[in-house]
Chemist: 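Below you'll find the structure I mean.
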Amino acid sequence: MKGFFDKMLFPAHAAIMKASDAKSHLDDVSGKVPALKNTATPNPFSLVIFGASGDLTSRKLMPALFNLFREKRLPDVFHIIGFARREKTDDAFRQEMKDAVHKYSRVQPSSESEWDAFAKNLFYYTGEMADEQAYAGLKNRLKLMPGSREVGHHHLFYLATAPEFFEVVPRCLNASGLVRRDGVTKLVVEKPFGVDSESAGHLNAALQAEISEKSIYRIDHYLGKETIQNLLYFRFANSIYEPLWDRRYIDCVQITVAEEEGVGTRGGYYDKSGALRDMLQNHMMQILTLVAMEPPASLDPESLRDEKVKVLRCINGCCREGLASQVVRARYEGYRNEEKVSPESMTETYTAVKLFVDNWRWAGVPFYLRTGKFLKRRVSQIDIVFRKPPSILFHAQTETSAAKNVLSIRLQPSEGIHLRFNAKALAEAHLQEVGMDFCYRTEFGSYSPEAYERLLRDAMIGDATLFIRADEVREAWRIMDSIRKQWDALPMYVYPKQSWGPQESFQMLENDGNDWVLGDGFNERCPC
Ligand code: BG6
């Protein structure tokens with residue numbers, strides 16, 4: 001895409017973002033926290049991380065917690081307890097977490113004393129996740145923590161474990177009396193949440209048997225990204241785009257989440273999952289719902305999530321034109337030689353799908369979604385492609401027809417929004433595409449909190465807006481199931497590493513008279 005993000009700036013967004021500065025109400029049991037206004041200080045809490053020796057804890061959770069501490073967004077009293085099976089002292093755990101923060105945090109401790117002030121709140125507890133006795137011990141340990149009276153029952157239990165423990169841990173927590181059903185105790189669950197609609201339904205029921213739905217925080221880390229949250233502000237705090245946001249003006253919607261890396265050391269997990277389950281079911285369907293949803297009645301978590309679920313309910317999977325013309329799957333060259341990947345693997349590392357949201361607003365508008373590993377660039381972007389203007393006025397004069405206007409919302413990296421439109425070329429009588437840009441970095445500086453900082457704090461204050469509700473997760477799986485039903489009958493293409501994926505995904509759009517906005521002409525440069 002020529003000249004992407006390299007022209008003027010959109011200045012309007014600073015004012016929009018200020019809306020998020022409004023004060024939030026605290027917690028808790030009412031579930032009536034106004035959404036997207038995360039400025040309250042959480043109540044004193046104890047956070048227990050199950051699976052504390054895993055990658056997620058070191059790479060994401062601990063750096064996020066440290067940054068929240070640095071920015072004085074944690075209460076005076078808090079405890080972070082790592083729960084895992086390996087024997088370890090508190091001090092050894094603190095040292096490991098120090099190394100993790102050093103390696104992965106976006107900001108380093110400014111001094112030893114700053115780190116020490118944070119680290120004194122870190123503790124370690126050795127236990128088997130399926131051993132009920134261990135939970136009785138954990139309960140005692142929580143009681144004996146300094147400041148435990150202030151914490152009361154404000155416990156967050158974070159499942160950063162392998163999925164086979166998602167049911168076991170809540171069961172043991174409940175059996176040992178560590179769960180309160182009034183919303184004060186919170187359970188944070190990572191993905192993958194099931195592997196299909198049936199298993200997700202089963203898991204929902206198993207969790208809800210131990211703890212109430214309003215206490216369950218299902219994570220999709222994409223919802224913690226600033227650019228994803230901005231979708232709501234962009235759509236519903238401006239009057240110029242929303243009137244155009246439907247089938248009368250929009251030709252198609254494209255959502256790309258491209259990754260530059262392969263599966264790396266995660267081959268064991270990935271080979272059982274694949275792009276459809278790993279990315280499409282969760283992150284990409286979430287983006288789609290935010291693009292397609294109706295304005296919610298209010299910004300409270302339930303109104304917002306109701307609207308997202310309605311979008312999912314209107315998606316009929318891939319039965320409109322037949323799976324073969326709506327889905328492409330492929331793997332990158334050499335995938336079968338990756339560590340812990342089966343040499344006969346039929347797992348996809350790339351998928352592109354065409355979906356339709358069958359409601360009044362979107363009937364007939366294709367939503368093209370694609371995601372893959374080892375693609376040409378790391379870039380996530382939404383492209384709203386508007387209908388082609390009629391070739392009446394300028395056609396005879398310029399012999400070129402006007403291009404479709406495109407609104408591109410860059411989610412990462414070089415976050416920003418770009419509008420591409422037609423103008424008269426300087427001193428020539430022909431049309432030229434030009435652009436207008438808004439760039440996060442120029443407007444707000446380089447500060448960009450990590451998704452997990454936002455999500456952890458939201459869970460602490462009891463704001464479930466950016467978490468997935470039980471019905472949402474099932475609906476998203478229902479759509480995936482309808483695709484997977486005929487999955488094995490689809491050809492498995494192979495694409496070269498560092499490409500934009502298989503030709504067939506370009507063909508899929510070409511058959512509709514469209515093409516991917518993001519392609520080889522793409523300019524990675526940030527506008528600022
Ligand atoms: C995870 C997937 O949920 O998201 C990974 O399991 C993927 O396979 C990652 O790499 C992408 O996240 P981000 O934030 O780097 O775009």
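All values below come from the heavy atoms of this structure, side chains included, with hydrogens, waters and symmetry mates left out. For ligands, and for the atoms within them, numbers begin at 1 and follow the listed sequence.
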Chemist: Should the pair Arg469-Asp306 be classified as a salt bridge under the 4.0 Å nitrogen-to-oxygen rule?
Modeler: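 A salt bridge is present here (some side-chain N lies under 4.0 Å from a carboxylate O).
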Chemist: For residues 200-211, which residue pairs qualify under side-chain hydrogen bond (donor to acceptor under 3.5 Å, both in side chains), counting only residues two or more places apart or in two chains?
Modeler: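 Matches after skipping sequence neighbours: Glu167-His202, Asn174-Glu210, Asn204-Arg218, Gln208-Glu213.
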Chemist: Look at atom CD of Glu164 and say whether more than 12 heavy atoms of other residues, nucleotides or ligands are closer to it than 6.0 Å.
Modeler: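 Atom CD in Glu164 is packed in, count exceeds 12.
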Chemist: Could you tell me whether Asp458 and Arg454 have a side-chain N and a carboxylate O separated by less than 4.0 Å?
Modeler: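 A salt bridge links Asp458 with Arg454.
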Chemist: For Phe374, does the six-membered ring have the charged nitrogen or CZ of Lys497 within the cation-pi criterion, i.e. under 6.0 angstrom from the centroid and within 45° of the normal?
Modeler: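 Ring-cation test returns yes.
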Chemist: Which pairs of N or O atoms, one from ligand 1 and one from the protein, are separated by less than 3.5 Å, and what is the distance for each pair?
Modeler:
unit_1: ligand 1; atom_1: 3 (O); unit_2: Lys191; atom_2: NZ; d: 2.7
unit_1: ligand 1; atom_1: 3 (O); unit_2: His283; atom_2: NE2; d: 2.7
unit_1: ligand 1; atom_1: 4 (O); unit_2: His283; atom_2: NE2; d: 3.4
unit_1: ligand 1; atom_1: 6 (O); unit_2: Lys191; atom_2: NZ; d: 2.8
unit_1: ligand 1; atom_1: 6 (O); unit_2: Arg266; atom_2: NH2; d: 2.9
unit_1: ligand 1; atom_1: 6 (O); unit_2: Asp278; atom_2: OD1; d: 2.6
unit_1: ligand 1; atom_1: 6 (O); unit_2: Asp278; atom_2: OD2; d: 3.4
unit_1: ligand 1; atom_1: 8 (O); unit_2: Arg266; atom_2: NH1; d: 2.8
unit_1: ligand 1; atom_1: 8 (O); unit_2: Asp278; atom_2: OD2; d: 2.6
unit_1: ligand 1; atom_1: 8 (O); unit_2: Lys373; atom_2: NZ; d: 2.7
unit_1: ligand 1; atom_1: 10 (O); unit_2: Glu259; atom_2: OE1; d: 2.5
unit_1: ligand 1; atom_1: 10 (O); unit_2: Glu259; atom_2: OE2; d: 3.4
unit_1: ligand 1; atom_1: 10 (O); unit_2: Lys373; atom_2: NZ; d: 3.1
unit_1: ligand 1; atom_1: 12 (O); unit_2: His221; atom_2: NE2; d: 3.2
unit_1: ligand 1; atom_1: 14 (O); unit_2: His221; atom_2: NE2; d: 2.8
unit_1: ligand 1; atom_1: 14 (O); unit_2: Lys225; atom_2: NZ; d: 2.6
unit_1: ligand 1; atom_1: 16 (O); unit_2: Tyr222; atom_2: OH; d: 2.5
unit_1: ligand 1; atom_1: 16 (O); unit_2: Gln412; atom_2: NE2; d: 2.8

Chemist: Salt bridge between Glu71 and Arg106, side-chain N to carboxylate O under 4.0 Å?
Modeler: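 Here Glu71 pairs with Arg106 in a salt bridge, since their nearest N and O are under 4.0 Å apart.
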